[in-house]
Amino acid sequence: MTAHETPPGRASSLLAAVFTVGVAGFGGGSALIPIFDSEVVAKRGLLRPGQFLRHTVVANLTPGALPVKLAAAAGVTVGGWQLSVLAALLVALPGALATVGLLALADALGPDAVRLISYASVGITAFIVVLLIGYITKVHVQAGPRLAAYGVITLVSALAVGGHEIVTLVSRLTGLAWEWPLPRLNALQLILVSLALIVAWSLWSGRRGARTHPDPPSGSEPEQTPPAPAASGKTTAGGTGFGRTVARATAAWIMVALVGFGLFMALHPEGAELGGLLAASSVSSFGGGEAYVGVADGFFVRAGFADRTLFYTQLVPIANALPGPILVKIAAGIGYLAGLPAGPAAAWALAAAACLATIGACCAVALPVLGTYERMKNHPIVVNIGHYILPVICGLLVSVCATMFHVSADVGETAGVPALPLLATMLAAITLMTWLHLRTRVPDLLMLVVAGGASLALLLAA
């Protein structure tokens, strides 16, 4: 990539942004959307809000690790296929490296290392909830005359995806034995149902995109604003040049997946089957990182590639306690455990191969969808999607918050702290950090470190 194609400052700025997400992105999946928005849109201006919204829709529609797809989409939009590859690999690197490192340490240090991480994750979860609340609030404040509709859509979406978690959380806080009898949608089903309803409403109303909101489409998605100086102009998003860039990026991601597959074939006696299963598990994983735990159980534990005890007592707790995409962390752990009988070098090499196979597979599926979406961005139906998919995503984030509270309460109970006082303490901490986030300039990373250290100290003292 030459300076003519992408100024080095913008490329390095994007790489710094995705690395920050990879380091500070606890919670995985949808929980990282506000962090991406803050780092890539608000702080650095690398993407316009409308571009980031389309990336978010595509990432939710396609299988695989959502943070990886967001980074790949940002890279291809800002600087082309090379930056797409670097950004997606970089956002996954911290969590995958830490997961494999802790699996290696667990053999020497025992379960104490995992316990310490899980204790610190309680405070970090409280900070992540602050970011999620900030993002949800910003979406609704900017809704204007659509505020009432946004509120209803957010509530319905949250209950459709996480009604059981929300009701159970209320039960833990109140002591009442409430039940949620309705079926649960996963994230993909919710997005598909929402898109179908938006399309049906658009066709029924017969309105053009400019009349679905008092402001013209360019007011909510400022596509007519000249982009920040980046490329030479040949790869404008939505144009023919952008389509060629997406095609090159897709080809590059296919090659990345094939490199990972080749490493498995070279280093493991059943490498062809294991590498194929890793790629297949990525493109069949819908519903967020948590859903991949069930996919991985079916693909690898029941097939004998991973020991069930190690999987559930070490790999899953470590992956959930560390930042970054859960899918890639678990896949890296699967590769490490599969290679461990052949020695540490083979285990680390297969962990790297697993990262390449899974990241390559999910990006190779997501980017062509992004290219199609970009070419249709001014169609009235797509404009309506841009208006009304945001509260659906907010509903997903509300569900994520409930799930994160449950996980933290479970961690507290293992330390001997009942759920009610722990959740009450988390709510107080969230209130304080929200006030600090709005009223002061305390760096986010400092609040994250302090919150994690506080929960570690409190739970160790319990």
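We use all heavy atoms of the structure for the numbers below, so side chains are in, but hydrogens, waters and symmetry mates are not.
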Self-check item: pair Leu258-Met255: side-chain heavy atoms closer than 4.5 Å
Solution: yes

Value for OG (Ser157) from CG (Leu185), rounded to nearest 0.5 Å, stands at 9.5 Å

Rounding to 0.5 Å, atoms CG (Leu14) and CZ (Phe19) come to a distance of 13.5 Å

Before giving the answer on side chain to side chain contact (heavy atoms under 4.5 Å, CB included), spell out for Ile393 and Ile33 the whole-Å C-alpha distance, their side-chain angles and the decisive distance to 0.1 Å. CA-CA 9 Å; Ile393 293 170; Ile33 293 175; 3.9 Å; yes

TODO: For Val392 and Leu190, run side chain to side chain contact (heavy atoms under 4.5 Å, CB included): C-alpha distance rounded to whole Å, both residues' side-chain angles, the deciding distance at 0.1 Å, then the answer.
DONE: CA-CA 8 Å; Val392 176; Leu190 174 66; 3.8 Å; yes

Practice task
State whether Arg172 and Asp410 are salt-bridged, where the test is any N-O pair (Lys NZ or Arg NE/NH1/NH2 against Asp/Glu carboxylate O) under 4.0 Å.
Solution key: yes

Do Val411 and Tyr119 have side chains that approach each other closer than 4.5 Å (heavy atoms only, starting at C-beta)? yes

Exercise for the section: Report yes or no: does Thr431 contribute a side-chain atom to a donor-acceptor pair with the main-chain N or O of Leu427 at less than 3.5 Å? Expected result: yes

In the structure I gave you, are the side-chain heavy atoms of Asn60 and Leu396 within less than 4.5 Å of one another anywhere?
yes

- Do we see a donor-acceptor contact under 3.5 Å between the side chains of Thr250 and Trp81? no

**OP:** Look at atom NE2 of His164 and say whether more than 12 heavy atoms of other residues, nucleotides or ligands are closer to it than 6.0 Å.
**Re:** no

Distance col, row Leu169:CG vs Leu423:CG, nearest 0.5 angstrom, shows 6.0 Å

Closest non-hydrogen atoms of Leu315 and Gly333, given as atom of the first, atom of the second and distance, are CD1-CA, 3.7 Å

With a 4.5 Å cut-off on side-chain heavy atoms, are Thr99 and Val328 touching?
no

SG (Cys394) and CD1 (Ile136) are apart, to the nearest 0.5 Å, by 5.5 Å

**Prompt:** Do Leu70 and Leu32 come close enough that some side-chain heavy atom pair is under 4.5 Å?
**Reply:** no

Subject >> Ser455 side chain vs Gly123 backbone, donor-acceptor pair below 3.5 Å >> reply: yes

To the nearest 0.5 Å, atom CG of Leu448 lies from atom CZ of Phe127 at 5.5 Å

Scanning both residues in full, the closest heavy-atom pair of Pro67 with Val91 reads O-CG1, 3.9 Å

(Q) Quick one, Tyr388 and Leu197 - any side-chain contact, counting heavy atoms below 4.5 Å? (A) no

Q: List the steps and the verdict of side chain to side chain contact (heavy atoms under 4.5 Å, CB included) for Arg248 and Val76.
A: CA-CA 9 Å; Arg248 294 189 188 103; Val76 79; over 6 Å; no

Exercise. Could you tell me whether the side chain of His437 reaches within less than 4.5 Å of the side chain of Leu131, counting heavy atoms only?
Key: yes

Would you say the side-chain atoms of Ser38 pair up with the backbone N or O of Ile35, donor to acceptor, closer than 3.5 Å?
no

On a heavy-atom basis, the closest approach of Leu370 and Ala73 is CD2-CB, 3.7 Å

Given the options Arg44, Lys138, Arg48, Lys43, Asp37 meets salt bridge (charged side-chain N to carboxylate O under 4.0 Å, His left out) only with Lys138

Distance col, row Ile198:CD1 vs Ile389:CD1, nearest 0.5 angstrom, shows 4.5 Å

What one should report as the nearest heavy-atom pair of Ser282 and Ala361 is CB-CB, 4.2 Å

Smallest heavy-atom separation, Leu46 atom then Val78 atom, equals O-CG2, 3.7 Å

Heavy atoms of Ala332 and Ala96 approach each other most closely as CB-CB, 4.2 Å

Would you call Val58 and Lys69 a side-chain contact if the rule is heavy atoms closer than 4.5 Å? no

Open item on the list: Determine whether a donor-acceptor pair (N or O, by modelled atom type, separation under 3.5 Å) exists between the side chain of Thr154 and the backbone of Gly395.
Closed with: no

Can Trp253 and Cys362 be said to form a side chain to side chain contact (heavy atoms under 4.5 Å, CB included), step by step?
-> CA-CA 9 Å; Trp253 280 117; Cys362 68; over 6 Å; no

